[in-house]
Student: 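Take this structure, written in structure tokens, and hold onto it; I'll ask about it next.
Keep in mind that what you see is a predicted model, and the values were worked out from it rather than measured.
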Amino acid sequence: MEQHAVEQHGKAEPTGLDVVVTTMASDSHTWNLVFLQLLLEELGHRVTNLGACVPDELLVAECRRIEPGLIVLSSVNGHGFHDGLRVIEALRACPELAGTPTVIGGKLGISGSGTQARQRALLTAGFDGVFEEGGSVLDFQSFVGSLPAGSGSRALPAGSGVLR
């Protein structure tokens, strides 16, 4: 009997990273989180979506509990830059999360797409990637694809992380 391979469409078998997807305390938007969750699941990752308006303390506690290989912060209200600086400080201050790859994206400021200075400030503060609105989803996918399965360290490829 001849066996035929069946091409799967939709959700891939979750064999990749455990990923936490969330907004920050000031952002009540959820469609961006649903999109990110579906995208990451389709890439084979297991996603915990914490939802909107997540207080910093809850984000840190849940990330400590889950021990993700990637944390994705998304913002569409224009306050992502300032909120992100506060959140990354809390994440990096936690020894269990200090090396967890963490990215931020979306509408990070109210003055339109980001400046190189804003991106540099976020990277310097501790983010491993900055993906601002208007950028390519392929750049985000490439970044995620560069992370080793089970990633929990900040050993990331050189030059990764800034969306142009």
Side-chain angles (χ1 to χ4, degrees), residues 11-30 32-77 79-109 114 118-132 135 137 139-163:
K11 286 187 180 179
E13 190 64 32
T15 58
L17 300 168
D18 289 312
V19 181
V20 169
V21 173
T22 187
T23 64
M24 292 160 280
S26 73
D27 201 318
S28 64
H29 298 87
T30 57
N32 50 324
L33 300 178
V34 172
F35 171 79
L36 287 167
Q37 178 177 346
L38 293 173
L39 174 67
L40 288 161
E41 286 174 346
E42 208 167 273
L43 294 172
H45 304 291
R46 294 167 302 281
V47 178
T48 300
N49 186 337
L50 297 182
C53 297
V54 177
D56 299 358
E57 299 80 21
L58 177 61
L59 172 60
V60 170
E62 284 300 293
C63 288
R64 287 181 70 203
R65 182 183 66 78
I66 295 165
E67 298 179 356
L70 175 64
I71 302 168
V72 179
L73 301 171
S74 179
S75 178
V76 297
N77 69 359
H79 301 289
F81 174 74
H82 295 290
D83 288 349
L85 291 174
R86 184 189 69 247
V87 170
I88 196 65
E89 182 178 352
L91 290 169
R92 296 300 182 226
C94 179
E96 300 94 331
L97 302 172
T100 304
T102 303
V103 299
I104 189 168
K107 185 175 182 181
L108 302 179
R118 181 163 61 205
Q119 291 175 351
R120 274 192 304 280
L122 290 165
L123 291 168
T124 299
F127 282 101
D128 299 292
V130 178
F131 302 93
E132 294 211 47
V137 172
D139 290 334
F140 175 70
Q141 287 176 303
S142 176
F143 176 87
V144 173
S146 74
L147 297 173
S151 176
S153 70
R154 296 193 67 201
L156 299 172
S160 64
V162 178
L163 182 64

Student: Looking at NE2 of His45 and CD of Gln37, how far apart are the two atoms once the value is rounded to the nearest 0.5 Å?
Tutor: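 Between atom NE2 of His45 and atom CD of Gln37 there are 13.0 Å.
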Student: Do you know which two heavy atoms are closest between Phe140 and Leu36, and how far apart they sit?
Tutor: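 Reported closest heavy-atom pair: CE2-CD2, 4.0 Å.
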Student: Can you see which heavy atom on Ser75 is nearest to which on Met24, and at what distance?
Tutor: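 In this case the closest contact between Ser75 and Met24 is CB-CE, 3.8 Å.
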Student: Has Glu89 got more than 12 heavy atoms of other residues, nucleotides or ligands less than 6.0 Å from its CD?
Tutor: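 No.
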Student: Please report the shortest heavy-atom distance between Gly69 and Pro101, naming the atom on each side.
Tutor: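 Distance-wise, the nearest heavy atoms are O-CD, 3.4 Å.
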Student: Is any side-chain heavy atom of Asp83 less than 4.5 Å from a side-chain heavy atom of Arg86?
Tutor: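 They are in contact (side-chain heavy atoms under 4.5 Å apart), so the answer is yes.
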Student: Let me know which of Asn32, Leu38, Leu39 forms a side chain to side chain contact (heavy atoms under 4.5 Å, CB included) with Phe35.
Tutor: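 So, applying the side chain to side chain contact (heavy atoms under 4.5 Å, CB included) to Phe35 and each of Asn32, Leu38, Leu39, only Leu39 qualifies.
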Student: Of the non-hydrogen atoms in Gly84 and Phe127, which two are nearest, and what is the gap between them?
Tutor: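 The pair with the smallest heavy-atom distance is O-CE1, 3.4 Å.
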Student: Heavy atoms only: give me the nearest Ser74-Asp27 pair and the separation to one decimal.
Tutor: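 The answer is O-OD2, 4.2 Å.
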Student: Quick one: CD on Glu41 to CZ on Arg46, what's the gap to the nearest 0.5 Å?
Tutor: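 Glu41 CD to Arg46 CZ: 11.0 Å, rounded to 0.5 Å.
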Student: Are the side chains of Leu91 and Thr100 in contact, using a 4.5 Å heavy-atom criterion?
Tutor: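 No - every pair of side-chain heavy atoms lies 4.5 Å or more apart.
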Student: Please give me the minimum heavy-atom distance between Thr23 and Cys53, naming the atom from each residue.
Tutor: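 Smallest heavy-atom distance, with atoms named: OG1-N, 3.0 Å.
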Student: Any side-chain heavy-atom pair from Leu85 and Leu122 closer than 4.5 angstrom?
Tutor: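 Side chain of Leu85 against side chain of Leu122, heavy atoms only: contact under 4.5 Å found.
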Student: Side chains of Thr48 and Asp18, heavy atoms from C-beta outward: is any pair under 4.5 Å?
Tutor: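 They are not in contact (no side-chain heavy atoms under 4.5 Å apart), so the answer is no.
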Student: Please examine the side chains of Leu40 and Val21, heavy atoms only from C-beta on, and report whether any two atoms are closer than 4.5 Å.
Tutor: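 Contact flag for Val21/Leu40 side chains = yes.
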Student: For Arg92, is there an ion pair with Asp128 - N to carboxylate O distance below 4.0 angstrom?
Tutor: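 Result for this pair is yes, salt bridge flagged.
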Student: Given side chains that start at C-beta, do those of Leu59 and Leu73 come closer than 4.5 Å, heavy atoms only?
Tutor: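 SC-SC contact between Leu59 and Leu73 confirmed.
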Student: Without hydrogens or angle criteria, can the side chains of Asn77 and His79 be said to hold a donor-acceptor pair below 3.5 Å?
Tutor: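 Distance-only check fails for Asn77 and His79.
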